[in-house]
Number of protein chains: 2
Amino acid sequence: MITIYDIAEKAGVSAMTVSRVINNTGRISEATRKRVKKVMEELHYIPNSMARSLVLQKTKILSLLITDITNPFYTTLARGAEDAALRAGYRLLFANSDEDYAKEKGYVDMMLSTRVDGVLFAPTGDHSLENLLQLQKHNIPFVMLDREIPGIGADLVLGDSKEGARKLVEHLIELGHRRIAMINGSPDVSTARLRYSGYREAHLLNGLSVEDSLVIHRNFRDFQDESALDALIHHENPPTAIFAANNMLAIGAIQALRKRGLQVPSDLSLVCFDGFGPTDALNPFLTVASQPAYQFGALGMQLLVERIEGEATPEHRKMILPSELLIRSSAQALR
Amino acid sequence: MITIYDIAEKAGVSAMTVSRVINNTGRISEATRKRVKKVMEELHYIPNSMARSLVLQKTKILSLLITDITNPFYTTLARGAEDAALRAGYRLLFANSDEDYAKEKGYVDMMLSTRVDGVLFAPTGDHSLENLLQLQKHNIPFVMLDREIPGIGADLVLGDSKEGARKLVEHLIELGHRRIAMINGSPDVSTARLRYSGYREAHLLNGLSVEDSLVIHRNFRDFQDESALDALIHHENPPTAIFAANNMLAIGAIQALRKRGLQVPSDLSLVCFDGFGPTDALNPFLTVASQPAYQFGALGMQLLVERIEGEATPEHRKMILPSELLIRSSAQALR
DNA sequence: CTGTTAGCGCCTTCAG
DNA sequence: CTGAAGGCGCTAACAG
């Protein structure tokens, strides 16, 4: 491996001079700068960033933790975060928790031992608190994304879960639906709670009562166990519409319904939170509350960088990004 | 920051003993091992992986370079690679070139300076050769994914581009289509060349001639410029079907056609390479050659780890993963 | 403008 | 079974 000492020797200067050329610090005569640069190229020198980080105590690496890399919402968000990170001179290390606390913890340990400069953190749920505290204890700045956690202060970028859910459900109500099921994520996740509360509010505002037997809970990542869906279908007074709390749940529900010979929207209307990224264009069929995923990443990254570089005010900032109701054809008027 | 020296002091041993406890090397009495471990927990010690890597000359970090993080083929592949990496005790650093050579080069520089132990590399195209040679020069093992590059030897995991393309186009021919357009990626990419050659072969085997005015080239990432599509539509003898060389091109084409008032499949049949990951289930509409994306990642990672850990034979291995023709409803019989 | 010294946190080697 | 010395590649702080 080529080191600055190899360069120094061949260029007839000290290692320190080479270091200065590399970092553009101090004053160096144009002549030696050129000479050193030439030798660096000849020897194909690549700085060792670990040695560098070890002494500087910073890595210029940030980490983005998302809960599902196969979910287009998060990949689009990742693009936003990546672009913003590169622009600010940082590299981005992606991590994928799969909505799994243990996997999340593993990645947090890794961030700690890699000494990343900061983390953009979409938690798996409230129990992620432990992992966040771990970061806090080791003075690693972080910004939280998409989901809020009681008991910890941090900069936040959230969607308008309650509002978005209310709009979706009111849309169904306007179409004449009165019995609306909800397929929600785990109640351990703030967005699940808020989307439920928007669902509830839409009912109350319209003089409808909420029936808890129509609300089922699943992992946000996938639908899996379909038994609860059967309970809905065979309900003594079955729903005519479904509100899925995110895109993956909607996919799972549609698939499960299809297996049972039921079509959306002819047999059952369906709306959901989140779009499907680029594949949305393929089939603009689902009525959704679309979130500005790219902005989540870009804005979150901006907050993070500001915090790291000390440009942020001490108090925590909370950004709420609006979602947009896109009315398409997966929900029909009743009858 | 807590170091092994802090632990050593508090436990009344030398730093070396602490290091041995951490790494389970050498022989240590059960008593001191316990004492040291206790102190480590009390102080919330986290090993500094950079200091460690600096002396060991290995990082236990691998990198996965893909060309489009918003493409479900690559995110599914990423999941496969991640799972396999974690299983083998490595961490994975994701990088996203966006089909952009300069961005790819930036990431390669970063891999070099981070001294990753190995790279799973999906190149942007033939000109990526430069970047691969760079890795080779610095003795960083790599495995190539999805695309082959003339002029460099490496382990390879590829799809059966030619075969898959042939099957798709023959399917169209069986449906009665005779004038089949192709929307291809850049000819700088091996999969684009092979898919074209499968397209060509399907024609020749069926006694049809290939008309180059029906073949257009685009970036695999997105459709953008739609003028070439207009040329197809207003062709004096227009195509009745389109073969898109990948999923993103299919999305772009469908969108552009729709804008022009043309529907698939009623006005034009369309088939493409690659599925759409989880969102495929949403709308099993497109007839595709589906590739085992997860396997690409998992198998590639396995080859990479074997190569790094010296368990691989010196000669390069080339794995070809079959694609599966999924006949759905986006291609109809002519007339 | 350039060099010397010291040390970031850890592990290898060689002594006890 | 345990410790002391030295060095991985780099840069901050201080000299000149």
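Proteins come first, then strands; the chains are lettered A, B, ... in the order of their sequence lines, and each starts at number 1.
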In terms of side-chain geometry, is the basic nitrogen of B/D117 or B/K60 positioned less than 4.0 Å from the acidic oxygen of its partner?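 Between B/K60 and B/D117 there is no salt bridge, as every charged N stays at least 4.0 Å from the carboxylate O atoms.
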Kindly give the atom pairs (protein nitrogen or oxygen, nucleotide nitrogen or oxygen) under 3.5 Å for nucleotides 10-13 of chain D.
{"unit_1": "D/dC10", "atom_1": "OP1", "unit_2": "A/Y45", "atom_2": "OH", "d": "2.3"}
{"unit_1": "D/dC10", "atom_1": "OP1", "unit_2": "A/N48", "atom_2": "N", "d": "3.2"}
{"unit_1": "D/dC10", "atom_1": "OP2", "unit_2": "A/I4", "atom_2": "N", "d": "2.6"}
{"unit_1": "D/dC10", "atom_1": "N4", "unit_2": "A/Y5", "atom_2": "OH", "d": "3.3"}
{"unit_1": "D/dT11", "atom_1": "OP1", "unit_2": "A/N23", "atom_2": "OD1", "d": "3.4"}
{"unit_1": "D/dT11", "atom_1": "OP1", "unit_2": "A/N23", "atom_2": "ND2", "d": "3.0"}
{"unit_1": "D/dT11", "atom_1": "OP1", "unit_2": "A/R52", "atom_2": "NE", "d": "2.8"}
{"unit_1": "D/dT11", "atom_1": "OP2", "unit_2": "A/S19", "atom_2": "OG", "d": "2.7"}

What is the distance, to the nearest angstrom, from the CZ atom on B/R33 to the P atom on D/dT2?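 In whole Å, D/dT2 P lies 9 Å from B/R33 CZ.
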How long is the line joining CG of A/L54 and C1' of D/dC8, in whole Å?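 These atoms are roughly 9 Å apart.
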Scan the side chains in residues 36-46 of chain B for donor-acceptor partners under 3.5 Å anywhere in the protein, sequence neighbours excluded, and list what turns up.
{"unit_1": "B/K38", "atom_1": "NZ", "unit_2": "B/E42", "atom_2": "OE2", "d": "3.4"}
{"unit_1": "B/E42", "atom_1": "OE1", "unit_2": "B/K10", "atom_2": "NZ", "d": "3.2"}

Quick one, A/K103 and B/L86 - any side-chain contact, counting heavy atoms below 4.5 Å? yes
With the side chain counted from C-beta on, respond yes when A/F121 and A/L135 share a heavy-atom pair under 4.5 Å apart, and no when they do not. yes
Name the residue closer to the 5' end of DNA chain C, choosing between A/I28 and B/M50 according to the nucleotide with the nearest heavy atom. A/I28
Using the side-chain contact (heavy atoms from CB on, under 4.5 Å) criterion, which residues pair with B/R79? Sequence neighbours excluded.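 Only A/I69, A/T70, A/N96, A/D98, A/R221, B/E82, B/D83, B/Y294 meet the side-chain contact (heavy atoms from CB on, under 4.5 Å) criterion with B/R79.
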Set of side-chain contact (heavy atoms from CB on, under 4.5 Å) partners for A/Q295, sequence neighbours left out: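 Expected list: A/P292, A/L321.
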So the ring pair (Phe, Tyr, Trp, His ring centres under 6.0 Å) pairs with at least one residue in residues 57-83 of chain B (sequence neighbours excluded) are B/F73-B/F296
Using a 4.0 Å heavy-atom cut-off across all strands, classify B/S53 as base, sugar-phosphate, or nothing. nothing
Contact interval (first through last nucleotide) of DNA chain C with protein chain A, 4.0 Å heavy-atom: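 Contacts span C/dC1 to C/dG9, reading 5' to 3'.
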Just N and O in the side chain of B/S14: are any of them under 4.0 Å from OP1 or OP2 of D/dA4?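 Answer no for this pair, as no side-chain N or O of B/S14 is under 4.0 Å from OP1 or OP2.
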Classify the side-chain pair B/R91/A/T114 by whether it contains a donor and acceptor separated by less than 3.5 Å.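 Yes, A/T114 and B/R91 have a side-chain donor paired with an acceptor closer than 3.5 Å.
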